[in-house]
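Taking it in order: structure first as structure tokens, then the write-up.
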Amino acid sequence: MFFGLDFSVLAPSLPFLWTGLQYSVKLTLIAMSGGIVLGTLLALARLSSNRLLSNAAQVYVDTMRSIPLVMVILWFFLLIPLLTGNPVGAESSAMLTFIAFEAAYYSEIMRAGIQSVSRGQVAAGDALGFTYRQTMGYIVLPQAFRNMIPVLLTQTIVLFQDTSLVYIIGAKDLLKAAEIAGKNYNRPIEMYIFVAIIYFVICFTLSQTVKRLQKRVAIIR
Amino acid sequence: MIEISHVNKHYGAFQVLTDCSTTVAKGEVIVVCGPSGSGKSTLIKTVNGLEPFQSGTIMVDGISVGAPSTDMPKLRARVGMVFQNFELFPHMSITENLTIGQIKVLNRSKEEAMATGLKLLDRVGLKAQAAKFPGQLSGGQQQRVAIARALSMNPICMLFDEPTSALDPEMVNEVLDVMVELAHEGMTMMCVTHEMGFARKVANRVIFMDQGHIIEDATKDDFFGTPRGERAQQFLSKILSH
Amino acid sequence: MDYHWNWGIFFVQVQNGDETYLDWLINGFGWTVAVSVSAWIIALSLGSVIGTLRTTTRPWVVMLGNTWVECFRNVPLLVQMLLWFFVVPELLPKDLSMWVKQDMPAKEFITATLCLGLFTSARIAEQVRAGIQSLPRGQHYAGMAMGFTTPQTYRYVLLPMAFRIIIPPLTSEFMSVFKNSSVAFAISVLELTFVSRQMQEDSEQGIETYVAVTALYFLCAFIANRVMSFIDKRTRVPGYVSAK
């Protein structure tokens, strides 16, 4: 007993929390992969010489970056059923939202990454007779990606924390699971503390790993 | 004025200064030279306690540098220092650079500080630049302001840490001229520099350092006449051939 | 798309009350600004102190600063919000705990402000530390050589430059505070996000509601950006080119 808290309720609710955590991780991984792919395309569009394409990409990125994620979550949850005519669950709606939202942030990282590759590399690709697609695919993007791995991972840690915001549409992630379990056992306080510790342990471990990785990358360069 | 005796300093296993001893009497001008990495910049920074040292003692005007009982800010306020990269405060105008120390450390009134500052600025020939900011001046001008800033505190002695080595060649003389004038006025000076012309003109003694040791500590005539060590000879011939 | 548009909804009275939906929005905007600006003030003061402490030479002080930053950075803001609201009052001494739970005025607002302020302070501390450490070592020496004490060296030499250098990241942090204030919906602060859900349910005009709220968030971001760029212009140093 500590402050009159009783952590014994944690044990029976662990399987339930585990399901929640699985959803949080799944959402993170899907949003990360989708976000990086879409973000890279956005970055290429942003850097393209086609003014229309580059402006459109910029408007998209700036819009996403100017509004709170919770609002974007609400927007998608409202619009997807209206546009498709079918109700979708909170869980699937959240996946689409996070891909679209995180793409804006990943695109800024990838843009910086692409710009960090020297122009000589592009010239070298051209000199080999590569098309734009080949130069990007074989030469520029792999280097950009490698240079940006630590930043991309840091953004992913932020993303993992952001997934807790699906709370607003009731998707069952780690936080929501903890809240439900807390209500069931009438021990919400212990649950909030426990869930905070889980988030901390995961994020702290990951960020320390990224820090170490960053040092290694810095040495190689 | 400055007594350095048996000073040792190391970073971990790396020995930066080994058993360094020398003195600077009142009104004397000492030039410290030596190849890069010889510890000369470190030595001069230990004199006003910017760099701590592990053993030995340094006395400035009878006060022990780095002793727990010594009020270091108070001591530093009496020792002027000029840096290789000028180190003017970029966000302050030239006059603010010249008055901030007087006002905040010496508690002079704004008017008094301003009067002193402008007088010194005039002396280094930069009165017209008073309202400008450091970023708007050339390197030589910035270094002259830095000397004026150090003088504004009425120092009992001046330390120069390679004051001309970050300057374009054509700006070196304008700074050296100010230093020579200062020496002629009887200021006690300890200068880390490779400007041997300056040393010949005003130095009383020349110290040659290598790998953290003081190898030569001789009067100017002895040093330029018959440097004893081989390293010093090599170094001198390299410097003088430039 | 099967949707019944009604852009006049803002001037319609809410279902149980005599105010209009526009009144709700204005109120929500007010709370968003109030939470954000107060949190920003807390964050800037605390973050500057902690960021500065992290550049000192005392290991335990640095460690304390690092711990602060790691704690607030590695737990989601929403979880922190719930911790401050539900958990912290339980851990207080009994009388204080009762007072906080029952009698504390503007409980939601104060909790949200404090939570967002502390969260943001950790991020500002990180930027302030980086700003100070980006200054050349010689500036520190020059301050000390002048006879400044360590606090004076920070006050007159290091901090004025460090803050100028970090204006760009501080700008995006200031804009983030407004965005992050939306998380206060979770503890029922009547700010924009809370209002948007309430109005959407009450009026059933989701798109109009969200358009209005999104526009107001844009306005916040725009104003925050303008304020910082005004400060940037006012504090720009003539002739200074960043060392990078």
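First the proteins, then the strands, lettered A, B, ... as listed; each starts at 1.
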Exercise for the section: Give the member of P134(B), P73(B), A77(B), G135(B) that has the highest number of heavy-atom pairs under 4.5 Å with chain C. Expected result: P73(B)

Practice task
With a 4.5 Å cut-off on heavy-atom pairs, point out which of M153(B), Q84(B), K132(B), K104(B) contacts chain C the most.
Solution key: K104(B)

Problem - side chain to side chain contact (heavy atoms under 4.5 Å, CB included) partner of V183(C), the single match among V35(C), L82(C), L78(C), V189(C) - result: L78(C)

Problem - Ring center gap for F89(B) and Y156(C) short of 6.0 angstrom - result: no

Problem - Reported CD1-to-SG distance for the pair I110(C) and C115(C), which is rounded to 0.5 angstrom - result: 13.5 Å

Practice task
Please state whether the side chain, the backbone, both or neither of M72(B) comes within less than 4.5 Å of a heavy atom of chain C.
Solution key: neither

Exercise for the section: Would you mind checking which part of K45(B) comes under 4.5 Å of any heavy atom in chain C, side chain (CB onward), backbone (N, CA, C, O), both or neither? Expected result: side chain

Problem - Greatest number of heavy atom pairs closer than 4.5 Å to chain C - which of I100(B), D161(B), L159(B) - result: I100(B)

Exercise for the section: Side chain from CB out, backbone as N, CA, C, O: work out which of these in E51(B) comes under 4.5 Å of a heavy atom of chain C, or both, or neither. Expected result: side chain

Practice task
Sort R78(B) into side chain, backbone, both or neither according to what part of it lies under 4.5 angstrom from a heavy atom of chain C.
Solution key: neither

Practice task
Please look at L75(B) and chain C and tell me whether the side chain, the backbone, both or neither of the residue comes under 4.5 angstrom of a heavy atom of that chain.
Solution key: neither

Handout entry: Presence of salt bridge, E185(B) and R123(B), under 4.0 angstrom
Key = yes

Exercise for the section: Could you tell me which portion of N48(B) (side chain, backbone, both or neither) has an atom closer than 4.5 angstrom to a non-hydrogen atom of chain C? Expected result: side chain

Handout entry: Residues R129(C), E126(C): salt bridge by 4.0 Å N-O rule
Key = yes

Problem - Distance (rounded to the nearest 0.5 Å) between Q142(B) CD and L126(B) CG - result: 10.5 Å

